[in-house]
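On a predicted model such as this, the values are computed, not experimentally measured, just so you know. Chain letters run A, B, ... following the sequence lines, proteins first, then strands; residues in each count from 1.
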Amino acid sequence: MKRTRIKDALESMDVGAEVALAGWVRTVRTSKGGFSFLALNDGSCMATIQVVADSALPNYDAVAHLTTGCSVIVRGELVASPAKGQRVEVKATEVQVVGLADADTYPIQPKHHTFEFLRQQAHLRTRTNTFGAVARVRNAVCAAIHEFFQSRHFLYVHTPIITASDCEGAGQLFRVTTLDHAQPPRTPEGQIDYSQDFFGRSSYLTVSGQLEVETYACSLGNVYTFGPTFRAENSNTPRHLAEFWMVEPEIVFADLADDADLAEQFLKFLFRAVLDRCGQDVAFFNERIDKTVIDTLTHVADSDFVRLDYTEAVEILQKADRQWDYPPAWGNDLQTEHERFLTEQTFKKPVILMNYPASIKPFYMRLNDDGRTVAAMDVLVPKIGEIIGGSQREERLDVLESRIDAQHMRKEDYWWYTDLRRYGTVPHAGFGLGLERTVQFVTGMANIRDVIPFPRAPRSADF
RNA sequence: UCCCCGAUAGCUCAAUGGUAGAGCGAGCGGCUGUUAACCGCUAGGUUCUAGGUUCGAGUCCUAGUCGGGGAGCCA
């Protein structure tokens, strides 16, 4: 059948049009006067369309007993609504009941549910206003990510999900193995012999596509990866997942300032795209979830990001008139309370913090001329905190190798990575943007587990 | 992993150590061009689990499980 999207019927079709709607019943209001009102949703938009079914329908008795969650196909005429609340409604000439939903057991009721409850019903929660809206916004963000980079001629690169490099330095890794856990092969020393494993060595799920994507950047120009990422950290917070999606652009013949400019343009593009294309959904979030979302998004999209050296930030924090749980000190990483103070109190807009102490950052970040800081950059936004982490990469072979040594890593594991510096090295830079944190920011959703379809977190891998 | 808080009807929540309730949802009836409609009636409970204190525990104590918030790690 050729379906009429409810969004089209509501927004752009003329009275008198014949429509064929298909979707799920949200609420039913039956009058004993011989007609029923069905509120129908098909996911194409936030709104439901009102279907008027009367007793002239041959199966009217069944229609009048529809309940929340039933699926139906409705054919009829789009007519002007005589009552307040909607421009148009559908006068049904046929209501085909496709699937019933037993009201005694169907978990989604036309009432408020907590997000904690709906997380246990993740397969059905997209039938609610909130999760339908989250899904549409997430889709819009993903489309905008590709648009932004494609329109700037960045090459989309698929970096591997499974990686054999066992020390990328970005957190705990999930091991990938086909060995028998009960009886793993052992080396003469009694260690598990991973040389007999599937890949002939230890392998893991990736924590970042950055090192691999640098190889494409250093031959094909500006590139980006966009895919799933895995961290085995025991993080139990509303901002962390064990499986999440990350966007990682890499730009060549570019330095940290170029990187920061790209990050700012990128975020503004994404926020503007959501405001322009998901108006109904964002309006819903602004009304029901976080009353500041639209103001914040608009403000961020229209204002210049602050650029601030780590060293200056520490000075600002030390002079601030407030008590810290952790007093700021040069050489320590900034605490969440510090980051939020800078972006929410001091500047009231996104802040790009740059040039962190080398001792607290990974080996691949470029050492600055002062010898004690690296060309790192974090973009901080209100409420979420760090949404982007990036850096200019160390392109000088000797400096890179000494940094690898200093962090007690094995140079031979990075032979291909250092080759990029050995042959035709170029200055380059990049960053990582957490997709879910971005969706959190634009929707105001407080818990990251509610902006990904099936969240994976410690002790939580249902569905 | 650490700190704090929580777990009672399908859902959202009440209940001084003394007979476990309400709203919503569901079923039935009434009413109505209705808007998460409205009115009435009915059904619906191992108060997370295991111990303990007490004449008596949803309530107090101990341990555990699960969930939420904060912190750390980070995107």
Should A:R393 and A:E250 count as an ion pair when the cut-off is N to O under 4.0 Å? yes

Sub-6.0 Å ring centroid separation between A:Y364 and A:Y417: no

Reading nucleotides 66-71 of chain B 5' to 3', which nucleotides get B (base under 4.0 Å from a protein heavy atom), which S (sugar-phosphate only), which -? SSSSSB

Whole-Å distance between B:rA75 P and A:E248 CD? 9 Å

Students often get this wrong, so: under 4.0 angstrom with heavy atoms, is A:L435 touching a base, only sugar-phosphate, or nothing? nothing

Closest non-hydrogen atom pair between A:A461 and A:R456, with its separation: C-NH1, 3.5 Å

Do the side chain of A:K291 and the main chain of A:E287 share a donor and acceptor less than 3.5 angstrom apart? yes

Going by number, which of residues 81-91 of chain A have a non-hydrogen atom under 4.0 Å from RNA chain B? A:S81, A:P82, A:A83, A:K84, A:Q86, A:E89

Quick check on B:rC74: is either OP1 or OP2 less than 4.0 Å from any side-chain nitrogen or oxygen of A:R231? no

Identify whether any heavy atom of A:I387 sits under 4.0 Å from a base atom; if not, whether one sits that close to sugar-phosphate; answer base, sugar-phosphate or nothing. sugar-phosphate

Atom pair distance, as rounded to whole Å: CZ in A:F117 and C1' in B:rA7: 15 Å

Which donor-acceptor pairs under 3.5 Å do the side chains of residues 67-83 of chain A make with protein atoms, sequence neighbours left out?
residue : atom : partner : partner atom : Å
A:T67   : OG1  : A:A101  : O            : 3.0
A:T68   : OG1  : A:R26   : O            : 2.9
A:S71   : OG   : A:G99   : N            : 2.9
A:S71   : OG   : A:G99   : O            : 3.4
A:R75   : NE   : A:E94   : OE1          : 3.4
A:S81   : OG   : A:A83   : N            : 3.4
A:S81   : OG   : A:A83   : O            : 3.3
A:S81   : OG   : A:Q86   : NE2          : 3.0
A:S81   : OG   : A:E89   : OE1          : 3.0

Would you classify A:F244 as touching base, sugar-phosphate or nothing, given that sugar-phosphate means primed atoms plus P, OP1 and OP2, and contacts are heavy atoms under 4.0 Å? base

Across the strands shown, which category fits A:T105 at heavy-atom distances under 4.0 angstrom: base, sugar-phosphate, nothing? nothing

Candidate nucleotides B:rC11, B:rU34, B:rA36, ranked by approach to the side chain of A:H113 - the nearest: B:rC11

Report yes or no: is the cationic atom of A:R127 (NZ for Lys, CZ for Arg) under 6.0 Å from the centre of the six-membered ring of A:F131, at an angle within 45° of the ring normal? no

When you measure from the side chain of A:T443 to the backbone N and O of A:M445, does any donor-acceptor pair fall under 3.5 Å? yes

To the nearest Å, give me how far apart OH (A:Y356) and C1' (B:rC74) are. 12 Å

Ignoring hydrogens and angles, are the base of B:rC38 and the side chain of A:R29 linked by a donor-acceptor pair under 3.5 Å? no

Between A:R125 and A:T128, the two heavy atoms sitting closest are O-OG1, 2.7 Å

Nearest-Å distance for atom pair CG/P, residues A:L241 and B:rC74: 17 Å

Assign A:Q109 to base, sugar-phosphate, or nothing according to its heavy-atom contacts below 4.0 angstrom with the strands shown. base

Could you pick out which residue, A:W245 or A:R288, lies toward the 5' side of RNA chain B when each is mapped onto its nearest nucleotide? A:R288

Nearest-Å distance for atom pair NE2/P, residues A:H240 and B:rU1: 16 Å

Shortest side-chain distance from A:A103, nucleotide among B:rU34, B:rA75, B:rA26: B:rA26

Mind telling me whether A:F454 and A:F463 have parallel, tilted or perpendicular rings, with 30° and 60° as the class edges? tilted

B:rC31 P sits how many Å from A:F35 CZ, rounded? 13 Å

